[in-house]
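These notes concern the structure reproduced below.
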Amino acid sequence: MTKTLKPRTSAREKLRSVNPSGNKDSNFFDLVFQVVAQIPKGRVTTYGAIAACLGTKSSARMVGWAMNAVPKGPPRLPAHRVVNRNGMLSGKHAFPTPDAMQKRLEREKIKVVDDKVQDFKRVFWNPSEELN
DNA sequence: GAAATGACGTAAG
DNA sequence: ACTTACGCCATTT
């Protein structure tokens with residue numbers, strides 16, 4: 001088994017701050033999954049944006065870590081729509097094939113050149129604004 | 001417990 | 001605009 005996914009760390013305490021509902025079930029990973037799942041087709045977002053939306057702006061790296069912990073089974077999260085602030089497909093290596101991520105983005109009408117999203121500013125989707 | 005690693009971000013050159 | 005350096009936070013060794 002492998003597994004893991006037990007984020008019972010200080011990060012969880014921070015999450016409480018952003019979870020006035022008292023949802024202790026909502027872990028950092030789960031929150032990230034929720035946001036990622038809401039990314040519209042043909043749009044992309046950044047780790048920092050997600051982290052900021054969750055309130056843990058400084059934990060942009062943890063967002064990426066959460067992506068690595070994304071369950072492969074359903075529901076499939078559009079992790080390919082999450083890139084870094086530079087618009088670079090930094091997570092392509094986490095896919096079955098490095099080309100899978102770019103191919104998927106291109107299928108969404110998103111132009112990708114040199115592992116970088118073109119018109120990134122235009123396709124950028126801000127969870128803090130669009131998602132509320 | 002300390003050091004190294006990592007789907008990041010910002011600052012400085 | 002591109003490259004290098006440093007900081008952040010959790011996981012792993």
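Atom set for the values below is all heavy atoms of this structure, side chains included, hydrogens, waters and symmetry mates excluded. Letters A, B, ... are given to chains in the order of the sequence lines, protein chains preceding strands, and every chain is numbered from 1.
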Residue list, side chain to side chain donor-acceptor pair (under 3.5 Å) with A:Lys111, at least two apart or on another chain: A:Asp119
Between P on B:dA7 and CD on A:Gln102, what's the gap in Å once rounded to a whole number? 18 Å
Roughly how many Å is it from CE in A:Met88 to C1' in C:dT3, rounded to a whole number? 11 Å
Counting side-chain heavy atoms from CB outward, which of C:dA10, C:dT11, B:dA7 is closest to A:Met101? B:dA7
Round to the nearest Å and state the distance from A:Met62 atom CE to C:dT12 atom C1'. 12 Å
Taking only residues two or more places apart in sequence or in another chain, which ones pass side chain to side chain contact (heavy atoms under 4.5 Å, CB included) with A:Val70? A:Phe33, A:Met67, A:Leu77
Listed pairs, N/O of protein and of nucleotides 9-13 of chain B, under 3.5 Å:
unit_1: B:dG9; atom_1: OP1; unit_2: A:Gly48; atom_2: N; d: 3.1
unit_1: B:dG9; atom_1: OP1; unit_2: A:Arg85; atom_2: N; d: 3.4
unit_1: B:dG9; atom_1: OP2; unit_2: A:Arg85; atom_2: N; d: 2.6

Whole-Å distance separating the CH2 atom of A:Trp65 from the C1' atom of C:dC8: 13 Å
Which part of the nucleic acid, if any, lies within contact of A:Ala66, taking any heavy atom under 4.0 Å across all strands shown: a base, the sugar-phosphate backbone alone, or nothing? nothing
Residues in side chain to side chain contact (heavy atoms under 4.5 Å, CB included) contact with A:Pro98, at least two apart in sequence or another chain: none
Of all residues at least two apart in sequence or in a different chain, which pass the side chain to side chain contact (heavy atoms under 4.5 Å, CB included) check with A:Asn86? A:Asn84, A:Met88
Starting at CG of A:Asn68 and ending at P of B:dA7, how long is that distance when rounded to a whole Å? 8 Å
Taking the side chain of A:Phe29 as its heavy atoms from C-beta onward, which of B:dG6, B:dA7, C:dT11 lies nearest to it? C:dT11
Only pairs at least two apart or in different chains count here, so list each ring pair (Phe, Tyr, Trp, His ring centres under 6.0 Å) that has a residue in residues 88-120 of chain A. A:Phe120-A:Phe124
Rounded to whole angstroms, how far apart are CG on A:Asp115 and P on B:dA7? 14 Å
Residues A:Arg43 and A:Arg122: closest non-hydrogen pair is NH1-O, 2.9 Å
